Amino acid sequence: MPQITPSLWFDTQGLEAAEFYCSVFPNSEVRSVTHYTEAGPRPAGTVLTVEFALDGREFTAINGGPQFVFDEAVSFAVSCADQEEIDYYWGRLSEGGEEGPCGWLKDRFGLSWQITPEGMADILNDSDRDRATRVMQAVLGMRKLDIAAMEAAAEG
């Protein structure tokens, strides 16, 4: 199967965003940067694309212009092992951005992220529907997810 690489469209901040994301996630690096040539449409030497990897997952950032912006229709989910990881990723990715409900946030570039605990789908699909409902009600009242509060809601 061919490799599928998410491509993120920026106006001019592709390299800045890639460097920021690489500073947030371990085992990450900017792998290559291409530039516009004299053929345009932007000035020669301006960053065109940035290929980078976040913990081994390939991404491309393209500085294509202001005509497209991020919205919540596309987001990246970060599944965290514990509250410490949730706190870390929530804090780093929301710096200069916007906190949203239920573990969602927008980073300073407008890209949406979901910061959730591992096993969240299992909790919400619990065969005890009352338990699942209590957890969902708790999550709906949160911004950054709180594992202890979710567990307390599950127990009733």
Side-chain angles (χ1 to χ4, degrees), residues 3-34 47-64 66 68-156:
Q3 181 172 327
I4 299 170
T5 303
S7 183
L8 306 174
W9 184 289
F10 296 88
D11 180 6
T12 60
Q13 316 91 330
L15 181 57
E16 178 187 351
E19 289 172 340
F20 171 67
Y21 299 142
C22 289
S23 78
V24 172
F25 293 93
N27 307 312
S28 300
E29 64 181 342
V30 171
R31 295 197 169 153
S32 71
V33 179
T34 64
V47 172
L48 171 60
T49 63
V50 182
E51 293 180 9
F52 62 104
L54 301 180
D55 201 18
R57 294 182 189 252
E58 300 289 329
F59 290 83
T60 299
I62 182 169
N63 286 334
F68 301 113
V69 295
F70 297 119
D71 67 27
E72 293 82 357
V74 173
S75 64
F76 292 108
V78 180
S79 182
C80 299
D82 54 32
Q83 190 66 47
E84 184 178 348
E85 278 193 0
I86 288 174
D87 294 347
Y88 169 77
Y89 288 110
W90 183 270
R92 289 295 312 277
L93 291 168
S94 66
E95 289 172 6
E98 175 183 332
E99 295 182 0
C102 307
W104 288 70
L105 63 87
K106 283 186 181 182
D107 67 29
R108 66 183 184 221
F109 304 101
L111 186 60
S112 292
W113 298 82
Q114 300 171 55
I115 312 301
T116 63
E118 290 176 355
M120 186 160 168
D122 294 336
I123 295 168
L124 297 177
N125 288 322
D126 195 302
S127 61
D128 180 340
R129 296 314 304 153
D130 290 337
R131 180 179 165 94
T133 298
R134 288 190 305 270
V135 172
M136 178 57 86
Q137 287 172 333
V139 167
L140 289 172
M142 296 178 191
R143 293 182 94 55
K144 177 176 70 172
L145 297 184
D146 180 328
I147 295 173
M150 292 169 65
E151 290 172 345
E155 298 309 314

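Since the structure is predicted, the reported quantities are computational estimates derived from the model, not experimental observations. Hydrogens, waters and symmetry mates play no part in the numbers below; they use all other heavy atoms, side chains included.
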Legend entry - Residue pairs, two or more places apart or on separate chains, that pass side-chain hydrogen bond (donor to acceptor under 3.5 Å, both in side chains) and touch residues 8-19: Asp11-Arg42
Inset, instruction - Please tell me if the side chains of Leu54 and Cys22 come closer than 4.5 Å, counting only heavy atoms from C-beta onward. - result: yes
Inset, instruction - Hey, could you give me the CD/CG distance between Glu29 and Asp55, rounded to the nearest 0.5 Å? - result: 11.5 Å
Inset, instruction - Any chance you could measure Glu85, atom CD, to Trp90, atom CH2, to the nearest 0.5 Å? - result: 15.5 Å
Inset, instruction - To the nearest 0.5 Å, tell me how far Thr34 OG1 sits from Ile62 CD1. - result: 8.0 Å
Legend entry - More than 12 heavy atoms of other groups within 6.0 Å of Met142 CE: yes
Legend entry - Validation row: Phe52, Arg31 side chains within 4.5 angstrom (heavy atoms): no
Legend entry - Value rounded to 0.5 Å, distance of CG in Asn63 from CG in Leu8: 11.0 Å
Legend entry - Residue pair Ala61 / Phe10: nearest heavy atoms and the distance that separates them: CB-CE1, 3.7 Å
Legend entry - Ser94 side, atom OG; Arg108 side, atom CZ - distance, nearest 0.5 Å: 11.0 Å
Inset, instruction - Flag the pair Tyr88 / Val24 as yes when at least one side-chain heavy-atom distance between them is below 4.5 Å, and no otherwise. - result: yes
Inset, instruction - Could you tell me how the ring of Phe109 sits relative to the ring of Phe20: parallel (under 30°), tilted (30 to 60°) or perpendicular (over 60°)? - result: tilted
Legend entry - Nearest-0.5 Å distance that lies between atom CD1 in Ile115 and atom CG in Leu93: 5.0 Å
Legend entry - Residue pair Ser112 / Val74, side-chain heavy-atom distance below 4.5 Å: no
Inset, instruction - Determine whether more than 12 heavy atoms belonging to other residues, nucleotides or ligands lie under 6.0 Å from atom CZ of Arg57. - result: no
Legend entry - Atom of Gln114, atom of Ser75 and distance for their closest heavy-atom approach: NE2-OG, 2.8 Å
Inset, instruction - Give me the ring orientation class for Phe76 and Trp113: parallel if the planes are under 30° apart, tilted from 30 to 60°, perpendicular past 60°. - result: tilted
Legend entry - Over all atoms of both residues, closest heavy-atom pair of Val139 and Cys102: O-SG, 3.7 Å
Legend entry - Non-hydrogen side-chain atoms of Val78 and Phe25 separated by less than 4.5 Å: yes
Legend entry - Pair Ser7-Thr60, side-chain donor/acceptor within less than 3.5 Å: no
Inset, instruction - Would you mind reporting whether Arg134 and Glu155 have side-chain heavy atoms less than 4.5 Å apart? - result: no
Legend entry - Contact summary for Asp128 and Asp126, nearest pair of heavy atoms: N-OD1, 2.7 Å
Legend entry - Minimum-distance pair of heavy atoms, taken over all atoms of Ala154 and Arg131: O-CG, 3.4 Å
Inset, instruction - Taking all non-hydrogen atoms of both residues into account, name the closest pair between Pro117 and Met150 and its distance. - result: CG-CE, 4.0 Å
Legend entry - Non-hydrogen side-chain atoms of Thr5 and Glu51 separated by less than 4.5 Å: no
